[in-house]
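Given the structure is predicted, the values throughout are model-derived calculations rather than measurements.
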Amino acid sequence: MRVLVTGGAGFIGAPVVALLTAAGHDVVAFDVLHPAAHRGPHDAASDVDVPLVRGDVRDPGAVAAALRGVDVVVHQAAMVGMGTDMADVPEYVGCNDLGTAVLLAGMARAGLRRLVLASSMVVYGEGTYACPAHGAVRPAPRAVDDLAAGRFEPTCPRCAAPLLPGLVDEDAPLEPRSVYAATKVAQEHLTAAWAATVGANAVALRYHNVYGPRMPRDTPYSGVAAIFRSALEHGVAPRVFEDGGQRRDFIHVHDVAMANAAALDATGGPPVGFRAYNVASGRPHTVGELAATLATACGGPPPVVTGEFRAGDVRHVVASPERARRELGFTATVSFEEGVAALSRAPLRV
């Protein structure tokens with residue numbers, strides 16, 4: 001099967017390319033090599049011999065050319081992370097939403113009806129919470145005054161009691177709380193509309209906190225694991241925001257590539273339509289745990305808990321991986337301890 005992987009030169013895209021190639025697919029990597037992710041010489045998919053088409057998903061001509069002869073698209077191309085400030089908004093919307101719209105239009109014209117979309121857990125905003133008195137509730141965005149005072153935990157919107165975080169599943173409401181999150185929700189909605197209109201099969205993979213080798217270093221567009229690893233590489237203590245108690249599900253990039261392979265198999269037949277899946281380990285850890293474990297593995301200075309915060313951040317997002325296990329046959333295999341130890345020794349992108 002001929003597979004086009006957009007963003008195929010990226011941190012996640014390159015392992016997807018390698019895995020699908022090893023599985024016997026005819027893979028084409030399509031990537032604009034955006035400077036937010038690629039600062040140095042291109043080294044995409046260095047372990048496999050695949051064509052690299054350098055092009056922009058916002059360019060209809062480049063997309064049409066890349067789609068020729070393709071059976072299915074795995075759409076990884078996107079700007080990720082929190083960015084620097086609101087000046088990034090046009091680039092996020094252009095790369096993520098306009099790019100997805102151009103790709104979907106090109107697929108419709110080419111008669112392609114199978115898509116795997118890289119989405120993100122950021123579509124949920126905060127995770128799932130329960131109040132001891134009022135049951136399941138959706139906390140409001142955390143107030144800046146509370147964050148500045150060190151009150152980081154969301155409270156019940158009805159009685160202000162502390163909340164108990166739980167597992168977020170794919171039926172949870174979508175409530176984006178950053179520009180990046182808003183663009184990922186838009187990508188999902190565009191994809192669902194395309195699938196319904198043309199009778200296509202689309203799978204959205206909501207990645208949780210992905211980490212692993214060849215993460216981009218020293219950039220606001222990278223994940224927290226890469227930021228910590230970059231600091232430790234320079235002998236600097238990782239700086240942990242808030243109190244370090246933020247809970248996340250850290251999933252290794254190898255497992256994410258495996259999830260894409262499983263989703264590709266799932267798009268081979270009915271039912272037609274759009275379906276979302278959490279891609280998570282099911283074993284949450286705090287950001288403070290990540291920093292401390294990585295510092296120990298690197299033999300570097302222990303993390304510094306700063307109390308700093310970013311207004312767009314959420315407190316706890318912990319996923320249920322059950323739907324992906326049940327319907328895709330996907331279960332993460334790389335343990336947190338194994339993955340973090342490997343990250344401590346792995347190269348980052350220049």
Identify whether [X] and [Y] are in the same connected component of the hydrophobic contact network (ILVMFWY, side-chain heavy atoms under 4.5 Å).
X      : Y      : result
Leu174 : Val137 : no
Leu19  : Met1   : yes
Val74  : Phe11  : yes
Val279 : Leu117 : no
Leu328 : Met258 : yes

Is atom CZ of Arg326 surrounded by more than 12 heavy atoms (other residues, nucleotides or ligands) closer than 6.0 Å?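 Atom CZ in Arg326 is packed in, count exceeds 12.
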Indicate the atoms forming the closest heavy-atom contact of [X] with [Y], along with that distance.
X      : Y      : value
Pro301 : Pro238 : O-CD, 3.7 Å
Ala182 : Pro176 : N-CB, 3.5 Å
His208 : Asp249 : CB-O, 3.4 Å
Arg177 : Pro139 : NH2-O, 2.8 Å
Leu294 : Phe228 : CD2-CB, 3.8 Å
Ala237 : Val304 : CB-CG2, 3.8 Å

Which distance, rounded to the nearest 0.5 Å, do you find between the [atom1] of [X] and the [atom2] of [Y]?
X      : Y      : atom1 : atom2 : value
Arg138 : Thr128 : CZ    : OG1   : 6.5 Å
Leu4   : Gln76  : CG    : CD    : 11.0 Å
Arg214 : Leu343 : CZ    : CG    : 13.5 Å
Phe309 : Asp146 : CZ    : CG    : 10.0 Å
Met79  : Tyr180 : CE    : OH    : 10.5 Å
His285 : Glu337 : NE2   : CD    : 5.5 Å

Between [X] and [Y], does at least one N-O distance fall below 4.0 Å, as a salt bridge requires?
X      : Y      : result
Arg315 : Asp243 : yes
Glu289 : Arg248 : no
Glu233 : Arg229 : yes

Pairs flagged by salt bridge (charged side-chain N to carboxylate O under 4.0 Å, His left out) wherever residues 97-106 is involved - sequence neighbours left out: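 Sorted result for residues 97-106: empty, none.
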Just so I know, are the side chains of [X] and [Y] near enough to count as touching, which here means a heavy-atom distance under 4.5 Å?
X      : Y      : result
Glu322 : Asp169 : no
Asn278 : Pro321 : no
Val63  : Asp59  : no
Met86  : Val179 : yes
His25  : Leu264 : yes
Val28  : Val70  : no
Leu115 : His75  : yes
Thr191 : Leu104 : yes

Chi angles and distances behind the side-chain contact (heavy atoms from CB on, under 4.5 Å) call for Leu290, Val340: CA-CA 8 Å; Leu290 172 66; Val340 172; 3.9 Å; yes
Apply side-chain contact (heavy atoms from CB on, under 4.5 Å) to the pair Cys159 and His134, showing each step before the final yes or no. CA-CA 8 Å; Cys159 68; His134 299 109; 3.5 Å; yes
Keeping the roles fixed (side chain from [X], backbone from [Y]), state whether a donor-acceptor pair exists under 3.5 Å.
X      : Y      : answer
Arg345 : Ala297 : no
Asn96  : Lys184 : no
Ser344 : Ala341 : yes
Asp71  : Arg2   : yes
His316 : Arg247 : yes
Glu188 : Phe274 : no
Ser320 : Val168 : no
Gln187 : Ser119 : no
Thr6   : Ala77  : yes
Arg113 : Val198 : yes

Picking from Glu170, Arg325, Glu327, what satisfies side-chain hydrogen bond (donor to acceptor under 3.5 Å, both in side chains) with Tyr277?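 When side-chain hydrogen bond (donor to acceptor under 3.5 Å, both in side chains) is applied between Tyr277 and each of Glu170, Arg325, Glu327, only Glu327 qualifies.
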Going by atom types only, do Tyr129 and Glu153 share a side-chain donor-acceptor pair under 3.5 Å?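 No donor-acceptor contact under 3.5 Å links the two side chains.
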Can you confirm whether the side chains of Asp255 and Tyr207 place a donor and an acceptor under 3.5 Å from each other?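 Side chains of Asp255 and Tyr207: no pair found under 3.5 Å.
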Should the ring pair Phe250 and Tyr211 be called parallel, tilted or perpendicular, given that the plane angle runs from 0 to 90° and is split at 30 and 60?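 Rings of Phe250 and Tyr211: perpendicular, over 60°.
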